[in-house]
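Encoded as C-alpha coordinates, the structure appears first; notes follow it.
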2 protein chains.
Amino acid sequence: MVKSTNVTNSIRALRFAHGEMTQADLAQRIGVTRQTIIAIEQGRYSPSLEMAFQISRAFAVPLDDVFQYPDTERQSP
Amino acid sequence: MVKSTNVTNSIRALRFAHGEMTQADLAQRIGVTRQTIIAIEQGRYSPSLEMAFQISRAFAVPLDDVFQYPDTERQSP
DNA sequence: GAGCCATGTAAAGCATATTTGACACGCAGT
DNA sequence: ACTGCGTGTCAAATATGCTTTACATGGCTC
(Lines give C-alpha, C1' and ligand atoms only; values in the text may rest on other atoms or scores of the structure.)
Protein backbone atom coordinates (compact mmCIF):
# COMPACT_ATOMS: atom_id res chain seq x y z
CA MET A 1 0.00 0.00 0.00
CA VAL A 2 1.51 3.23 -1.11
CA LYS A 3 -1.46 5.57 -1.09
CA SER A 4 -1.27 8.06 1.73
CA THR A 5 -4.93 8.72 2.42
CA ASN A 6 -8.21 9.77 0.86
CA VAL A 7 -9.32 12.03 3.63
CA THR A 8 -8.49 15.69 3.41
CA ASN A 9 -8.73 18.16 6.27
CA SER A 10 -8.86 21.82 7.13
CA ILE A 11 -6.80 21.67 10.25
CA ARG A 12 -4.27 24.24 9.19
CA ALA A 13 -6.97 26.71 8.27
CA LEU A 14 -8.84 26.06 11.50
CA ARG A 15 -5.69 26.51 13.52
CA PHE A 16 -5.17 29.99 12.19
CA ALA A 17 -8.84 30.79 12.46
CA HIS A 18 -8.55 29.96 16.12
CA GLY A 19 -6.07 32.56 17.19
CA GLU A 20 -2.78 31.46 15.74
CA MET A 21 -2.94 28.15 17.49
CA THR A 22 0.33 26.35 16.85
CA GLN A 23 0.71 22.69 16.03
CA ALA A 24 2.27 22.09 19.40
CA ASP A 25 -0.64 23.83 21.10
CA LEU A 26 -3.17 21.74 19.28
CA ALA A 27 -1.24 18.57 19.93
CA GLN A 28 -1.10 19.25 23.64
CA ARG A 29 -4.73 20.22 23.80
CA ILE A 30 -5.75 16.99 22.13
CA GLY A 31 -3.26 14.88 23.98
CA VAL A 32 -1.11 13.65 21.15
CA THR A 33 2.35 14.49 19.93
CA ARG A 34 3.26 17.23 17.54
CA GLN A 35 4.33 14.60 15.07
CA THR A 36 0.85 13.24 14.86
CA ILE A 37 -0.63 16.63 14.10
CA ILE A 38 1.94 17.29 11.39
CA ALA A 39 1.32 13.95 9.74
CA ILE A 40 -2.43 14.30 9.82
CA GLU A 41 -2.36 17.89 8.69
CA GLN A 42 -0.31 16.86 5.71
CA GLY A 43 -2.60 13.98 4.92
CA ARG A 44 0.06 11.37 5.41
CA TYR A 45 -2.49 9.14 7.00
CA SER A 46 -6.01 9.40 8.27
CA PRO A 47 -6.33 9.49 12.01
CA SER A 48 -8.40 7.19 14.13
CA LEU A 49 -12.01 8.13 14.64
CA GLU A 50 -11.34 9.12 18.21
CA MET A 51 -8.55 11.42 17.18
CA ALA A 52 -10.77 12.97 14.54
CA PHE A 53 -13.50 13.61 17.08
CA GLN A 54 -11.07 15.17 19.50
CA ILE A 55 -9.65 17.45 16.87
CA SER A 56 -13.04 18.65 15.73
CA ARG A 57 -14.00 19.26 19.31
CA ALA A 58 -10.84 21.22 19.92
CA PHE A 59 -12.08 23.62 17.27
CA ALA A 60 -15.67 23.41 18.40
CA VAL A 61 -16.89 22.53 14.94
CA PRO A 62 -18.64 19.45 13.52
CA LEU A 63 -16.41 16.66 12.36
CA ASP A 64 -17.44 17.11 8.76
CA ASP A 65 -16.10 20.61 8.98
CA VAL A 66 -12.61 19.42 9.65
CA PHE A 67 -12.39 16.30 7.53
CA GLN A 68 -13.68 15.80 4.03
CA TYR A 69 -14.12 12.50 2.35
CA PRO A 70 -13.96 12.67 -1.43
CA ASP A 71 -16.69 10.92 -3.34
CA THR A 72 -16.75 7.19 -3.80
CA GLU A 73 -13.02 7.15 -4.43
CA ARG A 74 -12.08 3.92 -6.09
CA GLN A 75 -8.58 2.68 -5.34
CA SER A 76 -7.76 1.77 -8.94
CA PRO A 77 -10.52 2.19 -11.52
CA MET B 1 -3.98 1.00 27.99
CA VAL B 2 -6.83 -1.34 28.64
CA LYS B 3 -9.83 0.68 27.57
CA SER B 4 -11.38 -0.63 24.39
CA THR B 5 -12.82 2.52 22.90
CA ASN B 6 -14.81 5.63 23.64
CA VAL B 7 -16.73 5.78 20.43
CA THR B 8 -20.13 4.17 20.24
CA ASN B 9 -22.04 3.46 17.07
CA SER B 10 -25.44 2.61 15.65
CA ILE B 11 -24.31 0.25 12.97
CA ARG B 12 -26.47 -2.64 14.02
CA ALA B 13 -29.57 -0.50 14.07
CA LEU B 14 -28.74 1.05 10.73
CA ARG B 15 -28.12 -2.34 9.20
CA PHE B 16 -31.61 -3.49 10.03
CA ALA B 17 -33.09 -0.17 9.05
CA HIS B 18 -31.56 -0.73 5.67
CA GLY B 19 -33.35 -3.84 4.59
CA GLU B 20 -31.89 -6.57 6.72
CA MET B 21 -28.41 -5.89 5.53
CA THR B 22 -26.14 -8.57 6.95
CA GLN B 23 -22.70 -8.00 8.41
CA ALA B 24 -21.17 -9.79 5.46
CA ASP B 25 -23.10 -7.59 3.06
CA LEU B 26 -21.96 -4.44 4.74
CA ALA B 27 -18.40 -5.67 4.93
CA GLN B 28 -18.33 -6.41 1.23
CA ARG B 29 -19.97 -3.17 0.31
CA ILE B 30 -17.41 -1.22 2.28
CA GLY B 31 -14.53 -3.36 1.23
CA VAL B 32 -13.44 -4.79 4.55
CA THR B 33 -13.75 -8.16 6.19
CA ARG B 34 -16.64 -9.38 8.22
CA GLN B 35 -14.35 -9.51 11.22
CA THR B 36 -13.81 -5.79 11.08
CA ILE B 37 -17.53 -5.07 11.02
CA ILE B 38 -18.15 -7.32 13.97
CA ALA B 39 -15.36 -5.77 15.99
CA ILE B 40 -16.44 -2.23 15.27
CA GLU B 41 -20.10 -2.98 15.80
CA GLN B 42 -19.25 -4.35 19.22
CA GLY B 43 -17.09 -1.39 20.06
CA ARG B 44 -13.96 -3.44 20.43
CA TYR B 45 -12.02 -0.70 18.76
CA SER B 46 -12.73 2.48 16.90
CA PRO B 47 -12.20 2.33 13.16
CA SER B 48 -10.03 4.62 11.10
CA LEU B 49 -11.61 7.80 9.84
CA GLU B 50 -11.78 6.44 6.32
CA MET B 51 -13.58 3.36 7.48
CA ALA B 52 -16.02 5.51 9.42
CA PHE B 53 -16.73 7.65 6.39
CA GLN B 54 -17.28 4.62 4.21
CA ILE B 55 -19.67 3.08 6.70
CA SER B 56 -21.72 6.23 7.03
CA ARG B 57 -21.83 6.55 3.28
CA ALA B 58 -22.97 2.96 2.92
CA PHE B 59 -26.00 3.95 4.97
CA ALA B 60 -26.31 7.33 3.30
CA VAL B 61 -26.34 9.15 6.60
CA PRO B 62 -24.01 11.74 8.12
CA LEU B 63 -21.09 10.39 10.05
CA ASP B 64 -22.38 11.76 13.32
CA ASP B 65 -25.44 9.63 12.80
CA VAL B 66 -23.43 6.44 12.92
CA PHE B 67 -20.79 7.25 15.48
CA GLN B 68 -21.20 9.07 18.75
CA TYR B 69 -18.39 10.50 20.77
CA PRO B 70 -19.12 10.82 24.47
CA ASP B 71 -18.39 14.12 26.13
CA THR B 72 -14.95 15.39 26.89
CA GLU B 73 -13.84 12.01 28.13
CA ARG B 74 -11.15 12.56 30.66
CA GLN B 75 -8.89 9.59 31.21
CA SER B 76 -8.71 10.14 34.97
CA PRO B 77 -10.45 13.24 36.37
C1' DG C 1 25.35 36.46 15.00
C1' DA C 2 23.34 33.97 18.80
C1' DG C 3 18.95 32.29 20.48
C1' DC C 4 14.08 31.19 20.34
C1' DC C 5 9.99 29.57 18.00
C1' DA C 6 7.20 27.24 14.51
C1' DT C 7 7.45 23.95 11.25
C1' DG C 8 9.32 19.83 8.69
C1' DT C 9 11.87 15.30 8.21
C1' DA C 10 13.58 10.72 9.64
C1' DA C 11 14.05 6.27 11.97
C1' DA C 12 13.06 2.93 15.59
C1' DG C 13 9.66 0.89 18.35
C1' DC C 14 5.22 0.08 20.58
C1' DA C 15 0.09 -0.04 20.13
C1' DT C 16 -3.84 -0.72 17.62
C1' DA C 17 -6.50 -1.83 13.48
C1' DT C 18 -7.41 -5.12 9.79
C1' DT C 19 -6.94 -9.57 7.54
C1' DT C 20 -7.13 -14.58 7.10
C1' DG C 21 -8.77 -19.02 8.26
C1' DA C 22 -10.98 -22.03 11.13
C1' DC C 23 -14.53 -23.45 14.27
C1' DA C 24 -19.08 -23.06 17.27
C1' DC C 25 -24.01 -21.93 17.94
C1' DG C 26 -28.97 -20.98 17.10
C1' DC C 27 -32.46 -20.84 13.69
C1' DA C 28 -35.07 -21.75 9.53
C1' DG C 29 -36.16 -24.87 5.69
C1' DT C 30 -36.42 -29.36 3.47
C1' DA D 1 -31.45 -35.22 11.06
C1' DC D 2 -28.96 -32.59 7.70
C1' DT D 3 -27.95 -28.21 5.32
C1' DG D 4 -27.39 -23.34 4.82
C1' DC D 5 -27.20 -18.78 6.81
C1' DG D 6 -26.16 -15.08 10.13
C1' DT D 7 -23.61 -14.28 13.87
C1' DG D 8 -19.78 -14.71 17.27
C1' DT D 9 -15.00 -16.20 18.90
C1' DC D 10 -10.13 -17.31 18.86
C1' DA D 11 -5.43 -16.89 17.34
C1' DA D 12 -1.68 -15.49 14.39
C1' DA D 13 0.06 -12.42 10.78
C1' DT D 14 0.37 -8.01 8.41
C1' DA D 15 -0.54 -3.03 8.04
C1' DT D 16 -1.16 1.30 9.86
C1' DG D 17 -1.30 4.81 13.50
C1' DC D 18 1.18 6.99 17.15
C1' DT D 19 5.24 8.02 20.10
C1' DT D 20 9.92 9.26 21.12
C1' DT D 21 14.13 11.34 20.04
C1' DA D 22 16.95 13.91 17.37
C1' DC D 23 18.19 17.12 13.86
C1' DA D 24 17.36 20.93 9.98
C1' DT D 25 15.30 25.17 8.28
C1' DG D 26 13.36 29.99 8.04
C1' DG D 27 11.80 33.91 10.51
C1' DC D 28 12.08 36.81 14.33
C1' DT D 29 14.14 39.45 18.23
C1' DC D 30 17.85 41.13 20.88
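Since the model is a prediction, treat every value here as computed from it, not as a measurement. So that the names make sense, note that chain A is the first sequence line, chain B the second, and so on, each numbered from 1. Any value given below was found using the heavy atoms of this structure, including those in side chains, with hydrogens, waters and symmetry copies removed.
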Summarise protein proximity over nucleotides 19-28 of chain C in one line of letters, 5' to 3': B for base, S for sugar-phosphate only, - for none, counting protein heavy atoms closer than 4.0 Å. BBBB------
Summarise protein proximity over nucleotides 25-30 of chain D in one line of letters, 5' to 3': B for base, S for sugar-phosphate only, - for none, counting protein heavy atoms closer than 4.0 Å. ------
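The phosphate of D:dC18 has OP1 or OP2 within less than 4.0 Å of a side-chain N or O from A:S48. Residue A:Q42 places at least one side-chain N or O closer than 4.0 Å to OP1 or OP2 of C:dT9. The side chain of A:S46 places an N or O atom within less than 4.0 Å of a non-bridging phosphate oxygen (OP1 or OP2) of D:dG17.
For the contact set between residues 10-19 of chain B and DNA chain D, defined by any heavy atom under 4.0 Å, the members are B:R12, B:R15.
Within the structure, every pair that satisfies the ring pair (Phe, Tyr, Trp, His ring centres under 6.0 Å) test and touches residues 9-42 of chain B, not counting sequence neighbours, is listed here: B:H18-B:F59. Residue pairs satisfying the ring pair (Phe, Tyr, Trp, His ring centres under 6.0 Å) criterion with at least one member in residues 21-42 of chain B, sequence neighbours excluded, are absent. Within the structure, the salt bridge (charged side-chain N to carboxylate O under 4.0 Å, His left out) test picks out the following pairs touching residues 6-16 of chain A (sequence neighbours left out): A:R12-A:E41, A:R15-A:E41.
The heavy-atom pair separating A:I40 from A:I55 by the smallest distance is CD1-CD1, 4.3 Å. Nearest heavy atom pair, residue A:L26 against residue A:A58, reads CD1-CB, 4.0 Å.
Side-chain contact check for A:P47 versus B:L49: some heavy-atom pair is nearer than 4.5 Å. Side-chain atoms of A:V66 and A:S10, non-hydrogen and from C-beta on, never get closer than 4.5 Å to each other.
For the helix from C:dG1-D:dC30 to C:dT30-D:dA1, the terminal axes (five pairs an end, C1' atoms, rotation from four pairs onto the next four) enclose an angle of 30°, given to 10 degrees.
Note that CD1 of A:I37 is 7.5 Å distant from CD of A:Q23, once rounded to the nearest 0.5 Å.
Connection of B:M21 to B:I38 is not established within any shared hydrophobic cluster, with ILVMFWY side chains joined at heavy-atom distances below 4.5 Å, either directly or through further cluster members.
Among D:dC18, C:dT18, D:dG8, the nucleotide with an atom closest to any side-chain atom of B:Q23 is D:dG8.
Note: CD1 (A:I40) to C1' (D:dT19) measures 13 Å, nearest angstrom. Going from atom CZ of A:R44 over to atom P of C:dG8 covers 9 Å, rounded to whole Å.
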Could you pull out every donor-acceptor pair under 3.5 Å between side chains of residues 27-36 of chain B and any protein atom, sequence neighbours left out?
from  : atom 1 : to    : atom 2 : distance (Å)
B:T33 : OG1    : B:T36 : OG1    : 3.0

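For B:D25, the side-chain hydrogen bond (donor to acceptor under 3.5 Å, both in side chains) test picks out B:T22, with sequence neighbours left out. Listed by chain and number, the residues in a side-chain contact (heavy atoms from CB on, under 4.5 Å) with B:T8 are B:Q68 (sequence neighbours excluded). Partners of A:F53 according to the ring pair (Phe, Tyr, Trp, His ring centres under 6.0 Å) rule, which considers only residues two or more places apart in sequence or in another chain, are B:Y69.
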